[in-house]
Amino acid sequence: MAFTPPTVEQLGLYLGLDEIDGNRADLLIASAISLCQTVVKPLPEGADAVVLSVAGRAYVNPQQVSYETIGPMSVQRPSGSGGLYLTKSDKSALKSLAGRGGAFTVDPTPATADPSPTWPIDDVGFADEFEPGWGYG
């Protein structure tokens with residue numbers, strides 16, 4: 001099954017918002033998809049979770065505010081928690097969903113390889129003659 005982009009309604013549900021600005025949400029979803037495609041193209045099935053995460057971060061905190069006080073209430077967010085960006089976990093999830101990443105083995109031996117030696121062997125294991133000065137002969 002192919003990747004299906006998340007909808008504005010899904011972003012609203014993901015963020016727990018009753019009302020959501022449709023045009024802004026569409027823009028952020030499209031931008032998040034483009035950003036995710038810089039890691040993996042085409043996007044695999046299941047990448048909608050990463051797209052929603054990226055778009056959700058940008059929707060909730062577009063100016064990357066780290067500390068905010070309104071009246072007696074204050075909120076402190078981790079630095080870098082807003083704007084449109086991919087975290088290391090997002091990139092890792094996209095690669096994993098696409099079947100990339102992780103450990104793998106490459107066998108450079110050709111299928112037609114023969115285990116027998118390819119050099120001439122005599123009875124002693126040495127060539128018949130050595131050049132002078134090597135201490136043999």
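Side chains are part of it too, since the values below use all heavy atoms of this structure and drop only hydrogens, waters and symmetry mates.
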Asks: Are Leu97 and Leu86 joined in one hydrophobic group, where the rule is that I, L, V, M, F, W and Y side chains link up if heavy atoms are under 4.5 Å apart?
Replies: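 Different clusters: Leu97 never reaches Leu86 through Ile, Leu, Val, Met, Phe, Trp or Tyr contacts under 4.5 Å.
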Asks: As an exercise, state the distance from CG of Asp21 to CG of Leu27, rounded to the nearest 0.5 Å.
Replies: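 It comes to 10.0 Å.
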Asks: Partners of Thr109 by side chain to side chain contact (heavy atoms under 4.5 Å, CB included), sequence neighbours excluded?
Replies: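 With sequence neighbours excluded, Thr109 shows a side chain to side chain contact (heavy atoms under 4.5 Å, CB included) to Asp107, Ala113, given in chain and number order.
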Asks: Give the cluster check for Leu13 versus Ile20: same hydrophobic cluster or not, with ILVMFWY residues linked at side-chain heavy-atom distances below 4.5 Å.
Replies: no
Asks: Examine Val40 and Val51 and state if one hydrophobic cluster contains both, with Ile, Leu, Val, Met, Phe, Trp and Tyr joined whenever side-chain heavy atoms are less than 4.5 Å apart.
Replies: yes
Asks: Among all residues two or more places apart in sequence or in another chain, which pass the side chain to side chain contact (heavy atoms under 4.5 Å, CB included) test with Glu9?
Replies: Thr7
Asks: Applying side chain to side chain donor-acceptor pair (under 3.5 Å), which residue pairs with at least one partner in residues 28-38 are found, sequence neighbours left out?
Replies: none
Asks: Ignoring hydrogens and angles, write down the donor-acceptor pairs under 3.5 Å from the side chains of residues 87-95, residues two or more places apart or on other chains.
Replies:
residue: Thr87; atom: OG1; partner: Ser89; partner atom: N; Å: 3.4
residue: Thr87; atom: OG1; partner: Asp90; partner atom: N; Å: 3.0
residue: Thr87; atom: OG1; partner: Asp90; partner atom: OD1; Å: 3.4
residue: Thr87; atom: OG1; partner: Asp90; partner atom: OD2; Å: 3.2
residue: Asp90; atom: OD2; partner: Arg57; partner atom: NH2; Å: 2.6
residue: Asp90; atom: OD2; partner: Thr87; partner atom: N; Å: 3.1

Asks: Are any of the side-chain heavy atoms of Pro6 and Tyr14 separated by less than 4.5 Å?
Replies: no
Asks: Check the hydrophobic clustering (I, L, V, M, F, W, Y; side-chain heavy atoms under 4.5 Å; chains of links allowed) and say if Val54 and Val39 are grouped together.
Replies: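 Linked, Val54 and Val39 end up in one cluster.
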Asks: Please name all residues satisfying side chain to side chain contact (heavy atoms under 4.5 Å, CB included) with Asp26, sequence neighbours left out, ordered by chain then number.
Replies: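 For Asp26 the side chain to side chain contact (heavy atoms under 4.5 Å, CB included) partners, ignoring immediate neighbours, are Val8.
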Asks: Say you draw a straight line from OH of Tyr59 to CG of Leu15; how long is it, rounded to the nearest 0.5 Å?
Replies: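 The distance works out to 8.0 Å.
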Asks: Kindly compute the distance separating CG (Leu52) from CG (Leu11), expressed to the nearest 0.5 Å.
Replies: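 Going from CG on Leu52 over to CG on Leu11, the span is 6.0 Å.
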Asks: How would you list, by chain and number, every residue that makes a salt bridge (charged side-chain N to carboxylate O under 4.0 Å, His left out) with Asp48, sequence neighbours excluded?
Replies: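 Expected list: none.
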